[in-house]
Amino acid sequence: MALRPSITFAKITTPKKGSVLVIAADGGVLSEAADACDPQGILKKAFGIAEYKGKLATTLEVLAPYGTDFDRIAAVGAGKPEALDETAWSRIGGASVSALRKAQDVSVIFEVAGAEPSADDVAAFAFGMVLGSYTFDKYKTKKKDDDTAAPAKSAKITIMCANPAAAKKAFGGSEAVADGVLLARDLVNEPANILGTLEFADKVRELEKLGVKVEVLTEKEMKKLGMGALLGVAQGSVRPPRLMVMRWDGGKPKDQPIAFVGKGVVFDSGGISIKPAGGMEDMKGDMGGAAAVTGLMHALAGRKAKANVVGIIGVVENMVDGNAQRPGDIVTSMSGQTIEVINTDAEGRLVLADALWYCNERFKPRFMINLATLTGAIIVALGSEHAGLFSNNDDLAEKLLGAGTSTAEKLWRMPIGPEYDKLIDSKNADMKNSTGRNAGSITAAQFLHRFVKDTPWAHLDIAGTAMGAPASEVNQSWGSGYGVRLLDRLVRDHYEG
Ligand code: BES
Ligand code: MN
Ligand code: ZN
């Protein structure tokens with residue numbers, strides 16, 4: 001786990017030293033407690049010079065303010081008070097990080113003129129600070145913190161607010177979620193030479209410390225189960241496949257579990273249908289779905305969610321090799337359905353076919369939601385703003401869309417249906433894994449649909465959101481950890497208690 005700032009909560013006082021962060025309301029108005037930190041009006045003078053107006057998530061900092069013992073006094077804007085929702089507070093928290101470059105000892109005066117933020121607002125702010133502080137720089141051997149606009153990773157941040165006990169309690173849950181997001185980011189950012197299939201399994205086993213039950217199925221066991229689709233993808237790599245089952249039993253013993261399934265291709269070269277060289281390095285992130293499921297299990301166990309949850313990830317490497325599968329090969333999936341492999345680069349659906357079937361057969365879950373960096377076509381359709389949502393169940397889809405709105409991990413529902421399903425019929429087998437370019441994300445979803453029977457199911461195509469999304473206040477990193485917040489919220493709002 002990456003180092004991250006440690007955050008504590010306290011009553012509002014006037015700090016004596018270190019760095020001070022205050023919140024400026026719309027128009028650049030400061031609260032009383034903020035004013036008390038700035039008796040000479042240095043910050044206000046700076047606001048005037050910079051024409052700083054406290055707009056949402058903008059910052060201004062004054063270093064070594066004359067006549068004080070502070071290292072800096074900085075402001076972050078809260079913008080219009082009526083627009084201050086959870087997402088806004090997280091953005092404000094994330095934005096404040098850029099004004100605290102290298103600060104070690106930070107006091108946040110959490111008071112806003114003209115507004116009365118709740119304990120949840122304080123928690124959302126702190127959550128944003130943690131997410132916004134994350135950088136993946138472990139391989140930079142020269143002065144790690146030098147080129148990142150973030151507080152020192154060992155920073156101590158004290159958030160001074162009206163009700164520190166309530167804020168601490170509210171943050172208790174979100175801190176576990178933040179740690180889940182950071183874990184997912186780490187997994188996505190880690191290069192494939194370091195994070196192979198077995199190393200991924202080691203990471204998953206670490207969840208046992210949180211009380212998650214972990215099983216790791218080997219190649220031999222998968223052979224026995226008849227997982228010919230997943231194994232076909234893996235056969236070109238010297239690194240053996242693993243299917244991992246994570247279980248968090250926080251609900252009533254008799255409650256049917258809910259299930260999350262992730263695509264974990266630690267590297268996707270395309271196989272024999274090899275990808276072009278340009279941008280191929282991004283395919284180290286083709287395990288973003290598996291990373292999100294792992295991060296989610298971490299979050300749920302970390303906050304002791306009252307739900308029975310199964311996480312299953314299929315972890316393989318798609319490589320080019322004398323033993324790699326060929327276009328034209330026909331494989332038999334665990335379901336018994338046969339698949340003609342038209343394109344070895346459409347490998348994610350092969351992995352998920354067996355993972356979904358296994359999940360459904362063994363756990364009979366209330367629903368299955370799978371996450372996968374499945375198609376380039378979803379990036380063409382939705383860019384990095386929304387992940388694609390495909391579902392056979394309107395109720396589940398609505399709940400997911402709602403969780404997307406609350407967490408700003410947005411979804412856009414795409415169609416599925418029998419007309420699209422026909423497109424994946426094959427002359428030589430029950431289905432084929434690739435069709436033409438048209439409706440590429442939908443035909444991929446139709447493929448998965450053939451492995452879920454009537455279980456309520458949703459497929460999230462996160463190829464555009466899991467990695468390479470533009471930086472934001474809450475994410476400066478290539479790997480975003482997309483999906484952890486979204487699904488934690490889905491569970492919290494609908495499947496606990
Ligand atoms: N992992 C890729 C999809 C992808 C592309 C993820 C870009 C993230 C960024 C997937 O395995 C793939 O190669 N899909 C093919 C499917 C095609 C061969 C039917 C694609 O999208 O081109
Ligand atoms: Mn591929
Ligand atoms: Zn892939």
Side-chain angles (χ1 to χ4, degrees), residues 187-189 192 195 197 200 229-230 232-237 241 261-292 313-321 324-329 339-355 370-388 390 414 420 423-424 426 431-448 459-470 478-480 482-483:
L187 290 167
V188 171
N189 286 326
L195 188 83
T197 54
F200 203 131
L230 184 153
V233 176
Q235 76 189 31
S237 172
V261 179
K263 166 180 173 181
V265 178
V266 294
F267 185 74
D268 180 13
S269 70
I272 299 295
S273 316
I274 193 167
K275 287 182 181 296
M280 205 204 276
E281 68 278 11
D282 286 353
M283 287 302 112
K284 71 173 185 176
D286 206 20
M287 25 55 71
I313 58 178
V315 179
V316 304
E317 186 174 42
N318 190 22
M319 294 297 268
V320 194
D321 180 79
Q325 79 177 342
R326 294 145 289 255
D329 284 5
I339 302 158
E340 184 176 18
V341 179
I342 300 295
N343 188 319
T344 64
D345 196 14
E347 84 297 341
R349 64 199 76 181
L350 299 170
V351 173
L352 286 171
D354 282 334
N370 75 258
L371 301 98
T373 49
L374 203 64
T375 65
I378 203 69
I379 311 177
V380 176
L382 301 175
S384 297
E385 278 306 307
H386 294 81
F390 304 81
M414 305 279 284
Y420 292 113
L423 300 175
I424 60 170
S426 155
M431 69 194 90
K432 53 188 174 186
N433 78 331
S434 167
T435 59
R437 278 161 49 89
N438 292 351
S441 300
I442 305 175
T443 50
Q446 292 297 160
F447 187 97
L448 303 180
H459 152 53
L460 312 184
D461 194 336
I462 59 171
T465 52
M467 57 207 185
W478 182 74
S480 64
Y482 180 98

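We count ligands from 1, going down the list as the structure has it; atoms in each ligand are counted the same way. If you read the sequence from its start, that first residue is 1, and numbering goes on from there.
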Atom indices of ligand 1, in the order listed, that fall short of 4.0 Å to a heavy atom of [X]:
X    : result
K263 : 1 (N), 10 (C), 11 (O)
T373 : 1 (N), 2 (C), 3 (C), 6 (C)
R349 : 16 (C), 19 (C)
I379 : 7 (C), 9 (C)
E347 : 11 (O)
N343 : 18 (C)
K275 : 2 (C), 12 (C), 13 (O)

Tell me, please: is [X] in heavy-atom contact with ligand 1, that is, under 4.0 Å?
X    : result
M287 : no
S434 : yes
D282 : no

Legend entry - S441 to I378 - nearest heavy-atom pair and separation: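 In terms of heavy atoms, the two residues are closest at OG-N, 2.9 Å.
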
Inset, instruction - Looking only at distances, please establish whether an N/O atom of ligand 1 is found under 3.5 Å from an N/O atom of T375. - result: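 There is no such contact.
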
Inset, instruction - Check whether any N or O atom of N433, backbone or side chain, sits under 3.5 Å from an N or O atom of ligand 1, and answer yes or no. - result: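 There is no such contact.
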
Legend entry - D268 CG to I274 CD1 distance, which is reported to the nearest 0.5 Å: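 Answer rounded to 0.5 Å: 10.0 Å.
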
Legend entry - Spacing of T373 atom OG1 and D461 atom CG [to the nearest 0.5 Å]: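 Reported to 0.5 Å precision, the distance equals 8.0 Å.
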
Which of the N/O/S atoms in [X] sits closest to the Zn ion (ligand 3)?
X    : answer
D268 : OD2
D286 : OD2
E347 : OE2

Legend entry - Considering only N, O or S atoms of E347, the one closest to the Mn ion (ligand 2):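 Closest to the Mn ion (ligand 2) among those atoms: OE1.
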
Inset, instruction - Could you check which N/O/S atom of D268 is closest to the Mn ion (ligand 2)? - result: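 Atom name returned: OD2.
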
Inset, instruction - Assess A372: does it contribute an N, O or S atom lying under 2.8 Å from the Zn ion (ligand 3)? - result: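 No - counting backbone and side chain alike, A372 has no N, O or S atom under 2.8 Å.
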
What is the nearest protein non-hydrogen atom to [atom], stated with its residue, atom name and distance?
atom                    : result
atom 9 (C) of ligand 1  : M283 CE, 3.4 Å
atom 10 (C) of ligand 1 : L374 O, 3.3 Å
atom 22 (O) of ligand 1 : G376 N, 4.5 Å

